[in-house]
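In what follows, every chain begins at residue 1, and chains take the letters A, B, ... in the order their sequences are listed.
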Number of protein chains: 2
Amino acid sequence: MPRIGMEPLRRKALVDATLRTIGQQGSLDVTMSEIAREAGVSPALAHHYFGSKQQLLVATIRSLLARLRTDAVAALENVETPRERLSAIIRVSFQADQFAPETVAAWLAFYVEAQRSEEVRRLLIIYARRLRSNLLDSLERLCPPDDAARIAEGVAAMIDGLYIRQSLRSAPIGSTASVTLTEDYLDLQLRPFLRQDEPGTLAPNPSHRRGE
Amino acid sequence: MPRIGMEPLRRKALVDATLRTIGQQGSLDVTMSEIAREAGVSPALAHHYFGSKQQLLVATIRSLLARLRTDAVAALENVETPRERLSAIIRVSFQADQFAPETVAAWLAFYVEAQRSEEVRRLLIIYARRLRSNLLDSLERLCPPDDAARIAEGVAAMIDGLYIRQSLRSAPIGSTASVTLTEDYLDLQLRPFLRQDEPGTLAPNPSHRRGE
DNA sequence: TGTTATTGATTGATCAGTCAATCAAAGATA
DNA sequence: TATCTTTGATTGACTGATCAATCAATAACA
């Protein structure tokens, strides 16, 4: 069986298995044995490649972040206007693979781990900052900096809030409904800054423009 | 040492110690020994009164919920108008003791545990439902039911989102800023339903009315 | 005496991490 | 081509530590 050049394959398999195991179990309390079994290798091999469980976890978070970044970059290319870029950012956050129960559970578990591990905390802060600065870039083209900062904070909070509520799975809000809710918030916040000659600006309520 | 009638005292001491330990550690990975030490008793006594670690955790969540309920009831009594009740609900959510880092960390940890334990999940759903129905009661007096449901969802998401972002402690938003952000959202959403003869209805932006 | 409170000591299970050994392939040598 | 050497891949078996849970024993009360 042993072919050479297995390292990258095994590393990827183990990271993916970690994510899957954590997602299924909904917690970081997963054993190296479970992960290794899921990846189809022995626990000893996982230690061989990653040194420790903590390092495997960190590698897994990095992979989550990388996936999110890839999705975001893809969603933002060829999108020019600030308002459309904002919509793209929101759409990515609630995109199917990011909003899947296992992914949400994994994110949640990592937030808890961030309370203990400085390294995990740093990684999650990177995510928060990236979201924030993506939002700010576009918002500052649409309104004054103070308002941009405030609105970015609100949108980010709403995205994270819809995420965590998803994790409970009581009265789950769908992906499209989440997008709608966030878009409505954005529309309302931006309305005072719209040029008044645009149509529809004073419609009483924007909430039902998109399908639920 | 042994006096009779210790049971209620010990139970409370252990539940409080559990909350404190989880809050400090930022995770449910706390040992019975740590909890017992924090409460000033032996680990065996914790088992004696609660039977198992899981039951002690559940009792701790119940106590969190009870505290929240007490705060909410207190905040809502003598508050009559729907709009003021909404403000009271928001204020309670970000009240100092609820927004303290240890409390936030504990809530977060319990959200993760809800992925594994049906009982914990049920308890957290109770919280989510209570928040939702409190919001709905007032909102339905201010706007049509469809909009009330949508706005309640948005406010709840924003509250939970500000909470979870607090747990990361990067660029932490203060309690007052969180209240402001949520209130602004509410104001904007409700504006279309305000009676037009009220003053200030069309002011361009409500964001700086309260101190940051 | 019987009941409640309390603990130290112990058990049994679980797990992360280690290690020595095995296996297969890729050169290297002749 | 046949044989030796090296190196990467892989595992089973083991260790040491940790921890929830149990229990028998003790101490204070009624």
Enquirer: Given D/dG8, is OP1 or OP2 found less than 4.0 Å from the side-chain N or O atoms of A/Tyr49?
Expert: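 Answer is no, no contact under 4.0 Å.
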Enquirer: Are A/Arg20 and A/Gln24 packed together at the side-chain level, in the sense that at least one heavy-atom pair is separated by less than 4.5 angstrom?
Expert: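 The answer is yes; the side chains approach within 4.5 Å.
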Enquirer: How long is the line joining CD1 of B/Ile35 and P of D/dC19, in whole Å?
Expert: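 Checked: the CD1 to P distance equals 12 Å.
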Enquirer: Can you build the contact string for nucleotides 15-20 of chain C? Use B for base contact, S for sugar-phosphate-only contact, and - for no protein heavy atom under 4.0 Å.
Expert: SSBBB-
Enquirer: If I compare all heavy atoms of B/Leu108 with all of A/Gln115, which pair ends up nearest, and what's the gap?
Expert: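 Smallest heavy-atom distance, with atoms named: CD2-NE2, 4.0 Å.
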Enquirer: Starting at CG of A/Asp29 and ending at C1' of C/dA13, how long is that distance when rounded to a whole Å?
Expert: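 Answer to the nearest Å: 15 Å.
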Enquirer: What is the distance from CZ of B/Phe50 to P of D/dT22, rounded to the nearest Å?
Expert: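 Spelled out: CZ on B/Phe50 to P on D/dT22 is 16 Å.
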Enquirer: Which residues pass the side chain to side chain contact (heavy atoms under 4.5 Å, CB included) test with A/Arg121, not counting sequence neighbours?
Expert: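 Once residues adjacent in sequence are excluded, the partners of A/Arg121 under the side chain to side chain contact (heavy atoms under 4.5 Å, CB included) criterion are A/Ala114, A/Glu118, A/Ile125, B/Leu168, B/Arg169.
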Enquirer: Would you mind reading off the distance between A/Met6 atom CE and D/dT11 atom P, rounded to a whole angstrom?
Expert: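 Roughly 10 Å, once rounded to whole Å.
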Enquirer: Could you tell me the separation between the CG atom of A/Leu45 and the P atom of C/dT22, rounded to a whole number of Å?
Expert: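 Going from A/Leu45 (CG) to C/dT22 (P), I get 18 Å.
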Enquirer: Can you give me the closest heavy-atom contact between A/Ser167 and B/Tyr111, atom names plus distance?
Expert: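 Where A/Ser167 meets B/Tyr111 most closely, the heavy atoms are OG-CD2, 4.0 Å.
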Enquirer: With distance as the sole test, does A/Arg141 use its side chain to make a donor-acceptor pair with the main-chain N or O of A/Asp137 at under 3.5 Å?
Expert: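 It does hold such a pair.
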Enquirer: Between B/Trp107 and B/Tyr127, how do the two ring planes meet: parallel, tilted or perpendicular, split at 30° and 60°?
Expert: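 Taking B/Tyr127 first and then B/Trp107, their aromatic rings sit tilted (interplane angle of 30° to 60°).
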Enquirer: What are the two closest heavy atoms between A/Met32 and A/Ala46, and how far apart are they?
Expert: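 Residues A/Met32 and A/Ala46, closest heavy atoms: CE-CB, 4.0 Å.
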Enquirer: Can you check whether B/Arg10 has a side-chain N or O nearer than 4.0 Å to OP1 or OP2 of C/dT4?
Expert: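 Indeed not, no polar side-chain atom of B/Arg10 lies that close.
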Enquirer: Could you check which residues of residues 13-25 of chain B get a heavy atom under 4.0 Å from DNA chain D? Sort them by number, please.
Expert: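 Correct list: empty, so none.
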Enquirer: Between A/Ser117 (side chain) and A/Glu113 (backbone), is there a donor-acceptor pair under 3.5 Å?
Expert: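 It does not hold such a pair.
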Enquirer: Atom CZ of A/Arg11 to atom C1' of D/dA9: distance rounded to whole Å?
Expert: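 Whole-Å distance recorded here is 14 Å.
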Enquirer: Name the residue from A/Leu139, A/Val79, A/Thr81 that meets the side chain to side chain contact (heavy atoms under 4.5 Å, CB included) definition with A/Leu86.
Expert: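 Per the side chain to side chain contact (heavy atoms under 4.5 Å, CB included) rule, the option paired with A/Leu86 is A/Leu139, out of A/Leu139, A/Val79, A/Thr81.
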